[in-house]
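Working notes for the structure below.
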Amino acid sequence: MIHALYPGTFDPITNGHLDLIERSNSLFEKLTVAVAENINKNSLFSIKERMSLINNLTSEINPDINVVSFNCLLVELITENHYNVVIRGLRAISDFEYEMQMALMNRKLNPEYEVIFLMPNEKNLYLSSSLVKEIAKLNGDISELVPDNVQRAIKNKFLSKD
Ligand code: COA
């Protein structure tokens, strides 16, 4: 059985991430989404909130998809839980350089590290969580960029910050 791991910050999950989750769910027998607590980024959503938004969505795709958090090295998470492969999306050439650096560094840390890159739906090529947050903050329309539960959560966040 191939157990795939899809790691990311997901602050918040967007339609682009969801597209990759759906693709991975049809390709692999078992899928886990790992949410990085993230030491470098200032998150809008807490780790609990990010996981809960993802859980609401994955339970409709396949209730067997696991959602976990991590605050260690990705390779440690993989070794401890015996995931077979990591899934990442490649949206543009700019992603490629970053992803190649990460993949090769992860393989340096663990020679058994294996990653598969999936091509997202072209509708989501320009999407990123930061852009979604910026648009929402300035009252722009994000309805085609994120699922409904995320749209509501972002609106509530910005309302509570006013
Ligand atoms: N569709 C839309 N947007 C996407 C996307 C997709 N398919 N894939 C990524 N993105 C966006 C995200 O929204 C995010 O946007 P933002 O920067 O505006 O917030 C950006 O692309 C990158 O996000 P993500 O895919 O979540 O990756 P990340 O760079 O935040 O996370 C980790 C990378 C968490 C996997 C990596 O940092 C990691 O492994 N950390 C653990 C510590 C570690 O092992 N470090 C050593 C690594 S060598």
Side-chain angles (χ1 to χ4, degrees), residues 3-28 31-47 49-55 57-58 61 65-81 83-138 140 142-147 149-151 153-154 157-158:
H3 190 164
L5 179 74
Y6 180 33
T9 309
F10 305 108
D11 184 43
I13 183 167
T14 66
N15 286 347
H17 296 122
L18 206 53
D19 169 47
L20 282 202
I21 290 174
E22 280 164 353
R23 285 172 200 282
S24 307
N25 177 54
S26 11
L27 285 171
F28 303 100
L31 176 65
T32 293
V33 179
V35 187
E37 291 202 21
N38 218 334
I39 30 179
N40 299 323
K41 286 187 182 178
N42 282 328
S43 306
L44 175 65
F45 291 97
S46 71
I47 187 73
E49 291 170 326
R50 283 180 276 151
M51 289 176 73
S52 157
L53 290 170
I54 298 171
N55 258 316
L57 297 162
T58 53
I61 299 169
I65 298 175
N66 265 346
V67 182
V68 299
S69 66
F70 72 110
N71 60 4
C72 59
L73 283 176
L74 185 62
V75 288
E76 276 176 28
L77 182 77
I78 293 167
T79 310
E80 278 166 19
N81 297 281
Y83 302 116
N84 305 101
V85 68
V86 165
I87 303 300
R88 297 286 293 169
L90 278 184
R91 288 163 299 166
I93 302 274
S94 49
D95 277 354
F96 178 78
E97 280 187 37
Y98 170 64
E99 292 297 338
M100 188 166 95
Q101 186 184 21
M102 259 208 324
L104 294 178
M105 182 55 82
N106 279 324
R107 189 169 287 159
K108 172 109 187 120
L109 296 170
N110 178 354
E112 287 178 15
Y113 179 86
E114 211 53 83
V115 56
I116 291 182
F117 295 104
L118 295 182
M119 197 60 67
N121 186 310
E122 78 268 14
K123 281 194 300 192
N124 303 317
L125 284 182
Y126 50 86
L127 242 182
S128 84
S129 301
S130 309
L131 280 182
V132 166
K133 286 181 279 191
E134 186 176 322
I135 295 166
K137 197 171 178 185
L138 299 170
I142 54 165
S143 59
E144 288 185 19
L145 310 178
V146 292
N149 66 335
V150 175
Q151 196 183 342
I154 295 183
K157 266 286 170 204
F158 288 130

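Computed from a prediction, not measured in an experiment: that's the story for all the values here. Throughout, residue positions are numbered sequentially from 1 according to the sequence presented. Order of appearance sets the numbers: ligands from 1, and atoms from 1 within every ligand.
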Task: Closest heavy-atom pair and its distance - M119, L90 - done: SD-O, 3.6 Å
Task: Check: R88 N/O within less than 3.5 Å of ligand 1 N/O - done: yes
Open item on the list: Taking only non-hydrogen atoms of E76, do any sit less than 4.0 angstrom from ligand 1?
Closed with: no
Task: Proximal ligand 1 atoms for M105, defined as those under 4.0 Å from one of its heavy atoms - done: 48 (S)
Open item on the list: Below a 4.0 angstrom heavy-atom separation, can you tell me which part of T14, side chain or backbone, both or neither, approaches ligand 1?
Closed with: side chain
Task: N or O pair under 3.5 Å between Y6 and ligand 1 - done: no
- [ ] Please round to the nearest 0.5 Å and tell me the distance separating atom OG of S130 and atom NZ of K137.
- [x] 11.5 Å
Open item on the list: Test your reading of the structure: does L127 have an N or O sitting under 3.5 Å from an N or O of ligand 1?
Closed with: yes
Open item on the list: For H17 and F10: C-alpha separation, side-chain torsions, deciding distance, then whether ring-ring contact (aromatic ring centres under 6.0 Å, His included) applies.
Closed with: CA-CA 8 Å; H17 296 122; F10 305 108; 4.8 Å; yes
- [ ] Determine whether the side chain, the backbone, both or neither of H17 has a heavy atom under 4.0 Å from any heavy atom of ligand 1.
- [x] both
- [ ] Indicate yes or no for a side-chain donor-acceptor contact from N124 to the backbone of P120 under 3.5 Å, with no hydrogens or angles considered.
- [x] no
Task: Donor-acceptor contact present, side-chain R50 to main-chain F45, <3.5 Å - done: yes
Open item on the list: Taking the basic N atoms (NZ, or NE/NH1/NH2) and the acidic carboxylate oxygens, is any pair closer than 4.0 Å for R107 and E112?
Closed with: no
Task: Which of the ligand 1 atoms, numbered from 1, are nearer than 4.0 Å to a heavy atom of S130 - done: 16 (P), 17 (O), 18 (O), 19 (O)
Open item on the list: With heavy-atom distances below 4.0 Å as the criterion, list the atoms of ligand 1 near C72.
Closed with: 41 (C), 42 (C)
Open item on the list: Check for me whether N106 has a heavy atom closer than 4.0 Å to any atom of ligand 1.
Closed with: yes
Open item on the list: I'd like the name of whichever of M102, K108, E37 reaches closest to atom 36 (C) of ligand 1 through any heavy atom.
Closed with: M102
Task: Residues E144 and K123 bridged, charged N to O under 4.0 Å - done: no
Open item on the list: Geometry only, no angles: is N124 polar-contacting ligand 1 at N/O separations under 3.5 Å?
Closed with: no
Task: Which atom of E37 lies closest to which atom of S69, heavy atoms considered - done: OE2-OG, 4.0 Å
Task: F117 CZ to I87 CD1 distance, which is reported to the nearest 0.5 Å - done: 10.0 Å
Open item on the list: Measuring from atom 34 (C) of ligand 1, which candidate in P7, P12, A36 has the nearest non-hydrogen atom?
Closed with: A36
Open item on the list: With heavy-atom distances below 4.0 Å as the criterion, list the atoms of ligand 1 near G8.
Closed with: 26 (O), 31 (O)
Task: Carboxylate-amine/guanidinium proximity below 4.0 Å for D95 and R88 - done: no
Task: Test of proximity, G89 against ligand 1: N or O pairs below 3.5 Å - done: no
- [ ] List every atom of ligand 1 that sits less than 4.0 Å from any heavy atom of F70, numbering the atoms from 1 in the order shown and giving each element.
- [x] 41 (C)
